[in-house]
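Counting from 1, the numbers follow the sequence of the chain as shown.
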Amino acid sequence: MNLLTFGHITTSLFVLAILDVNAKSILINNSTVKIIISEHNSSNGIQTSVLMDRLYKDMKIPFQIEKKIQAITDKVSKLENKVESKSSFSTKTKSKGEGFYAYVSNNLANPGSGHTIVYDVVMTNFKNGFNKHTGIFTVPVEGLYSLTWVTRVYCSKSYTTELHVNKSIAGSTFAYCGADTVTGNAVVQLHIGDVVFVRTLAGSGEIRSNKDGRTSFSGFLVN
């Protein structure tokens, strides 16, 4: 074997060795790449899952907030309705049964006919509707009222009294010696601003009012 041939063989073996090393290196690198790719894909999968979870939560939060707001709005609405209902009931309950009561402090000496009786002592005055100076009740709240007036006369005299609602007569009584104290009552529908009073139609002598019996006027809201 000459030197040239030996050189060719040596070179060929070196090349083959290099190729073998490179081939192994390529295999190793290829495996490494696969592992890296696998890990990357796995990482991407995890990241994608995390992102999807976050996205779902981000989308879910406004929906949950909207549901909570709606629930709160519904509760507030129900509470408002309850408050209004209770307020309305309370107002109606408070109005019912309230009224006025007044009487004449002293005997009226011969007031005669066509005289509006002035009940100057006020015990109860619903919304200040009754005027003790004129004897007139001005209706403050619309509704059904029960109105009562009591007239007491001196035994030898007599009086007819009438209950007036504006220009209409709602009732009348006649007091005389055999029944010197009479009571009249009327249940009437009244409107805000209506005026109610008691006036003598005919009669003479004293209309009495003292500790033994009072000439009085009263009324209350029924409904």
Side-chain angles (χ1 to χ4, degrees), residues 84-223:
E84 288 177 3
S85 178
K86 287 182 179 180
S87 177
S88 177
F89 176 77
S90 176
T91 301
K92 289 180 180 179
T93 304
K94 186 177 179 181
S95 295
K96 288 181 181 179
E98 294 195 8
F100 68 94
Y101 169 65
Y103 63 84
V104 177
S105 58
N106 296 299
N107 297 336
L108 300 177
N110 197 28
S113 60
H115 175 79
T116 299
I117 299 175
V118 176
Y119 306 88
D120 58 324
V121 179
V122 179
M123 302 299 293
T124 306
N125 198 357
F126 174 39
K127 294 187 180 295
N128 297 315
F130 187 80
N131 188 326
K132 68 178 184 178
H133 303 291
T134 62
I136 295 174
F137 173 63
T138 303
V139 178
V141 176
E142 182 175 339
L144 187 68
Y145 284 79
S146 176
L147 303 166
T148 303
W149 73 106
V150 178
T151 307
R152 180 170 173 247
V153 300
Y154 188 69
C155 187
S156 62
K157 303 297 180 180
S158 64
Y159 270 97
T160 296
T161 60
E162 296 177 324
L163 177 69
H164 290 250
V165 177
N166 299 321
K167 295 181 179 181
S168 301
I169 297 171
S172 63
T173 63
F174 177 67
Y176 63 101
C177 187
D180 59 351
T181 301
V182 294
T183 300
N185 179 264
V187 178
V188 292
Q189 183 70 33
L190 299 176
H191 304 281
I192 295 175
D194 285 348
V195 292
V196 185
F197 54 93
V198 177
R199 179 175 290 174
T200 59
L201 174 65
S204 62
E206 250 181 10
I207 290 181
R208 314 198 83 180
S209 185
N210 52 42
K211 63 181 182 178
D212 297 321
R214 294 293 185 184
T215 291
S216 62
F217 184 29
S218 63
F220 64 90
L221 180 64
V222 177
N223 190 10

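Minimum interatomic distance between R208 and V153 (heavy atoms only, all atoms of both residues): CG-C, 3.8 Å. When all heavy atoms of G205 and P111 are compared, the pair lying nearest together is O-CD, 3.3 Å. Nearest heavy-atom pair, G184 versus T173, reported as atom, atom and distance to 0.1 Å: CA-CG2, 3.5 Å. In terms of heavy atoms, Y145 sits closest to P140 at OH-CD, 4.0 Å. What you find for F130 and N125 is that their closest heavy atoms are N-OD1, 2.8 Å. When all heavy atoms of T215 and Y119 are compared, the pair lying nearest together is O-CD2, 3.7 Å.
Put simply, the side chain of E142 reaches to within 4.5 Å of the side chain of H191, judged on heavy atoms. Between N185 and V187 the shortest side-chain heavy-atom distance falls below 4.5 Å. A heavy-atom distance below 4.5 Å is not found between the side chains of I192 and V141.
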**Request:** Report the C-alpha distance between F137 and F100 in whole Å, list the side-chain angles of each, state the deciding distance to 0.1 Å, and finish with yes or no for side-chain contact (heavy atoms from CB on, under 4.5 Å).
**Result:** CA-CA 9 Å; F137 173 63; F100 68 94; 3.5 Å; yes
| Test log, rule side-chain contact (heavy atoms from CB on, under 4.5 Å), inputs V104 and V118 | CA-CA 7 Å; V104 177; V118 176; over 6 Å; no
Residues R199, T116; criterion side chain to side chain donor-acceptor pair (under 3.5 Å); working and verdict: CA-CA 4 Å; R199 179 175 290 174; T116 299; 3.2 Å; yes
Pair I136, V196 - check side-chain contact (heavy atoms from CB on, under 4.5 Å), show working. CA-CA 6 Å; I136 295 174; V196 185; over 6 Å; no
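Aromatic pair F217/Y103: ring centres not closer than 6.0 Å.
Distance CD/E206 to CG/N107: 4.5 Å, rounded to 0.5 Å. Here CG of L147 is found 6.0 Å from CG of L190. Values are rounded to the nearest 0.5 Å. For the atom pair CG (N223) and OG (S146), the distance works out to 12.5 Å, reported to the nearest 0.5 Å.
No side-chain donor-acceptor contact under 3.5 Å links R152 to the backbone of S216. Side chain of N166 to main chain of V195: a donor-acceptor pair is present (N/O by atom type, distance under 3.5 Å, no hydrogens or angles). Listed for the D120 side chain is no donor-acceptor partner under 3.5 Å among the backbone atoms of K132. A donor-acceptor contact shorter than 3.5 Å links the side chain of N210 to the backbone of D212. Remark: side-chain polar atoms of T200 are paired, donor with acceptor, to backbone N or O of G112 under 3.5 angstrom.
Looking at T138 and N131, their side chains never bring a donor and an acceptor atom within 3.5 Å of each other. For the residue pair T161 and W149, a side-chain donor N or O sits within less than 3.5 Å of a side-chain acceptor on the partner.
For Y101, the OH atom is densely surrounded, since the number of other residues' heavy atoms within 6.0 Å is greater than 12.
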